[in-house]
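FYI, side chains are in, hydrogens and waters are out, and symmetry mates aren't considered; it's all heavy atoms of this structure. Sequential numbering from 1 along the given sequence is applied to the chain's residues.
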Amino acid sequence: MAEHLSQSELDYPFKLLEYFIGFKVSKMIFSACELGVFDLLLKSQEAMSAQHVAQELGTSVDGMERLLDALVGIEILEVERAEGTALYSSTDVANLYLAKGSGKSLHDMIIYRSQTIYPLWNNMVDAIREGKNQYEKTFGLPSDEVFQAIYRSEEEMLKFMGLMNSSWVLDGHDVVTAFDLSRFQRIVDLGGCTGALANEMARAYPTSFITVFDLPEVVEAAQKHFKQEDSGVTFQSGDFFRGEIPSADLYVLARIIHGWSEEKCLALLKKIYETCKPGGGVLLVEALLFENRRGPLMVQLFSLNMLVQAEGRERTPSEYTNMLNKSGFRNVQVCRTGKSYDAILAIR
């Protein structure tokens with residue numbers, strides 16, 4: 001590590017100290033979202049004092065002032081002084097991504113990371129020692145049935161679905177247009193959750209027929225709790241591990257393969273291959289590691305998260321290609337989008 005540091009870093013470890021407080025920055029943003037700070041400031045027609053914000057949200061003035069100042073420090077909020085009083089207002093970034101009301105809101109993603117992922121990471125040492133997820137230590141739940149833990153209540157299921165919905169708000173268009181998929185008439189999004197990615201696909205390929213295939217309780221919740229666009233996307237209930245899958249020209253597996261063991265992944269990919277007709281294919285949407293294992297850092301952190309939360313891992317393009325080839329697929333193409341998630345297309 002030392003060979004990559006400048007002399008000034010060796011004299012005083014600014015970067016390391018910044019890393020050490022990373023969890024505090026995350027929790028600060030999480031707390032502001034949970035308290036409703038960004039929603040309140042978005043609705044306000046003028047900048048607000050800490051006392052006013054605290055009064056509206058039912059917090060202490062001292063605590064709220066410190067939180068608002070720290071949010072100014074990371075440039076999520078703005079502050080100005082008027083007659084000796086600090087007045088706080090939102091930035092465009094906060095209004096767009098952190099308030100609930102925005103069409104690009106990441107609020108659901110933040111709540112899930114705060115209330116589910118953050119507690120799991122408190123047991124990271126045990127996850128590394130044991131090589132398995134930490135649902136039992138964190139929440140008192142069996143760790144061998146991952147999605148029984150993730151979907152342990154309707155509230156938790158909706159949080160997870162909100163996380164996935166937020167992900168495709170950011171990355172959906174980029175991954176569905178990474179390749180020209182217009183030749184595939186019937187597309188099935190396996191584990192398509194709320195239908196957010198399927199809707200992006202419907203917008204990009206209006207002549208294709210797109211179906212979301214997921215567990216019955218997920219399909220019911222998606223149609224009940226998440227806004228469905230008039231895009232022609234249909235929903236079908238089933239279990240792609242235990243039952244049959246619908247026929248299609250293209251199957252989409254978006255953030256599915258990374259969550260499971262290689263054995264389960266190969267079984268699923270082989271099932272897709274056997275159901276596919278010649279010329280059909282599978283689109284994997286995953287965060288790809290570099291082949292030299294030097295990054296991207298976000299993907300390396302995703303992989304640690306799979307250790308502490310699920311039973312899978314993030315992989316390199318060659319590792320995904322090998323799995324697809326073992327399952328029978330050929331003509332594997334990889335596209336890095338430059339965003340959080342990348343795309344891999346394989347054809348039978």
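- The pair Lys137-Glu130 counts as a salt bridge, with a side-chain nitrogen and a carboxylate oxygen less than 4.0 angstrom apart.
- Legend: ring-ring contact (aromatic ring centres under 6.0 Å, His included) pairs involving residues 265-294, not counting sequence neighbours, sorted by first then second residue: Tyr273-Phe329.
- Without hydrogens or angle criteria, Ser89 side chain to Ala47 main chain gives no donor-acceptor distance under 3.5 Å.
- Checked by atom type and distance alone, the side chain of Thr138 pairs as donor or acceptor with a backbone atom of Gln134 at under 3.5 Å.
- With rounding to the nearest 0.5 angstrom, the CG atom of Asn305 is 6.0 Å from the CH2 atom of Trp121.
- One N or O on the side chain of Ser102 and one on the backbone of Leu96 form a donor-acceptor pair closer than 3.5 Å.
- Between the side chain of Asn199 and the backbone N or O of Gly195, at least one donor-acceptor pair lies under 3.5 Å.
- What you find for Leu324 and Ala346 is that their closest heavy atoms are CD1-CB, 3.9 Å.
- Between Met161 and Ala221, the closest heavy-atom pair is SD-CB, 3.8 Å.
- The backbone N or O of Val72 lies less than 3.5 Å from no partner atom in the side chain of Glu78, so there is not a single donor-acceptor pair.
- Under 4.0 Å is where a charged nitrogen must lie from a carboxylate oxygen, and between Glu262 and Lys326 at least one such pair does.
- To the nearest 0.5 angstrom, Asp92 atom CG is 13.0 Å from Ile76 atom CD1.
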- Task: Step by step, work out the side chain to side chain contact (heavy atoms under 4.5 Å, CB included) result for Glu75 and Thr91.
- Result: CA-CA 8 Å; Glu75 300 181 345; Thr91 60; over 6 Å; no
Output a table of donor-acceptor pairs, distance under 3.5 Å, between side-chain atoms of residues 20-31 and any protein atom two or more places apart or on a different chain; print 'none' if there are none.
residue: Ser26; atom: OG; partner: Gly22; partner atom: O; Å: 3.4
residue: Lys27; atom: NZ; partner: Ser114; partner atom: OG; Å: 3.1
residue: Ser31; atom: OG; partner: Lys27; partner atom: O; Å: 2.7

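- When only modelled atom types and interatomic distance are considered, Tyr251 and Asp189 share no side-chain donor-acceptor pair under 3.5 Å.
- Atom CG of residue Asn133 and atom CG of residue Leu120 lie 7.5 Å apart, to the nearest 0.5 angstrom.
- Side-chain contact between Leu40 and Val53: present, with at least one pair of heavy atoms (C-beta onward) separated by less than 4.5 Å.
- For Arg348, the CZ atom sits in a packed shell: over 12 heavy atoms of surrounding residues, nucleotides or ligands are nearer than 6.0 Å.
- At least one test fails for Arg336 against the ring of Tyr341: distance under 6.0 Å to the centre or angle within 45° of the axis.
- Residues Leu106 and Ser166 share a closest heavy-atom pair of CD2-O, 3.8 Å.
- Scanning both residues, Ala196 and Trp168, for their nearest heavy atoms gives CB-CB, 4.0 Å.
- Listed by first then second residue, pairs satisfying ring-ring contact (aromatic ring centres under 6.0 Å, His included) with a partner in residues 91-118 read Tyr112-Phe160, not counting sequence neighbours.
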- Step-by-step salt bridge (Lys or Arg N to Asp or Glu O under 4.0 Å) determination, Arg66 to Asp62: CA-CA 6 Å; Arg66 298 184 199 204; Asp62 179 41; 2.9 Å; yes
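- Clustering ILVMFWY residues whenever any of their side-chain heavy atoms sit less than 4.5 angstrom apart, transitively, puts Val299 in a cluster other than the one holding Tyr320.
- In this structure a side-chain-to-backbone donor-acceptor pair under 3.5 Å is present from Glu286 to His258.
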- side chain to side chain contact (heavy atoms under 4.5 Å, CB included) between Thr116 and Gln309, intermediate numbers included: CA-CA 9 Å; Thr116 300; Gln309 189 180 14; 4.3 Å; yes
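- With hydrophobic clusters built from ILVMFWY side chains whose heavy atoms lie under 4.5 angstrom apart, Leu301 does not share a cluster with Leu16.
- Asn331 contributes no side-chain N or O that, together with a main-chain N or O of Ile347, makes up a donor-acceptor pair within less than 3.5 Å.
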- Item | Residue pair Phe209, Phe184: steps toward the side chain to side chain contact (heavy atoms under 4.5 Å, CB included) verdict | CA-CA 9 Å; Phe209 299 95; Phe184 299 108; over 6 Å; no
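- Between Asp174 and Lys339, at least one side-chain N (NZ, or NE/NH1/NH2) sits under 4.0 Å from a carboxylate O, which counts as a salt bridge.
- The nearest pair of heavy atoms linking Ala178 to Ala343 is CB-CB, 3.7 Å.
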- Kindly indicate, with the supporting measurements, whether the criterion salt bridge (Lys or Arg N to Asp or Glu O under 4.0 Å) is fulfilled by Arg293 and Glu319. CA-CA 12 Å; Arg293 320 299 289 195; Glu319 288 172 324; 3.7 Å; yes
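- For the pair Leu77/Ser90, a side-chain contact is recorded, criterion being any heavy-atom separation below 4.5 Å from C-beta on.
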- Kindly indicate, with the supporting measurements, whether the criterion salt bridge (Lys or Arg N to Asp or Glu O under 4.0 Å) is fulfilled by Glu274 and Lys271. CA-CA 5 Å; Glu274 290 166 0; Lys271 179 185 286 190; over 6 Å; no
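- Ring-plane geometry between Phe147 and Trp260 is classed as parallel, the angle between the planes falling under 30 degrees on a 0 to 90 degree scale with a further cut at 60.
- Contact between Ile150 and Tyr135 at its shortest, heavy atoms only, is CG1-OH, 3.2 Å.
- Under the 3.5 Å distance criterion, with hydrogens and angles disregarded, no donor-acceptor pair is assigned to the side chains of Ser49 and Thr85.
- In this structure, the separation between CD on Glu311 and CD on Glu145 is 8.5 Å, given to the nearest 0.5 Å.
- Using a distance-only test at 3.5 Å, with no hydrogens or angles considered, no donor-acceptor pair links the side chain of His225 to the main chain of Ala222.
- In this structure, the side chains of Val175 and Thr337 come closer than 4.5 Å at one or more pairs of heavy atoms.
- Rounding to the nearest 0.5 Å places CZ of Arg313 at 12.0 Å from CE of Met306.
- With a 4.5 Å cut-off on side-chain heavy atoms, Leu87 and Arg81 do not count as touching.
- In this structure, Met109 is a member of the same hydrophobic cluster as Val93, with clusters built from ILVMFWY side-chain heavy atoms closer than 4.5 Å.
- By the 4.5 Å heavy-atom criterion applied to side chains, Leu35 and Leu67 are counted as neighbours.
- Phe38 and Ile111 fall into different hydrophobic clusters, defined by Ile, Leu, Val, Met, Phe, Trp and Tyr side-chain heavy atoms under 4.5 Å apart, directly or through other members.
- Note that the CD1 atom of Ile110 and the CD1 atom of Ile117 stand 12.0 Å from one another [nearest 0.5 Å].
- Transitive grouping of hydrophobic side chains (ILVMFWY, heavy atoms separated by less than 4.5 Å) keeps Leu289 and Val332 in distinct clusters.
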- Task: Start with the C-alpha gap between Arg203 and Glu229, add the side-chain angles, then the distance that decides, and say whether salt bridge (Lys or Arg N to Asp or Glu O under 4.0 Å) holds.
- Result: CA-CA 10 Å; Arg203 281 193 287 272; Glu229 301 177 16; 2.3 Å; yes
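- In this structure, Asp342 contributes its side chain and Leu288 its backbone to a donor-acceptor pair below 3.5 Å.
- Of the N and O atoms on the side chains of Glu34 and Gln115, at least one donor lies less than 3.5 Å from an acceptor on the other residue.
- When side chains are defined from C-beta on, Arg315 counts as touching Met323, because their heavy atoms get closer than 4.5 Å.
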- Message: For Met164 and Asp108: C-alpha separation, side-chain torsions, deciding distance, then whether side chain to side chain contact (heavy atoms under 4.5 Å, CB included) applies.
- Response: CA-CA 9 Å; Met164 298 308 298; Asp108 288 345; over 6 Å; no
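- Between the Lys277 side chain and the Asp249 main chain, no donor and acceptor come within less than 3.5 Å of each other.
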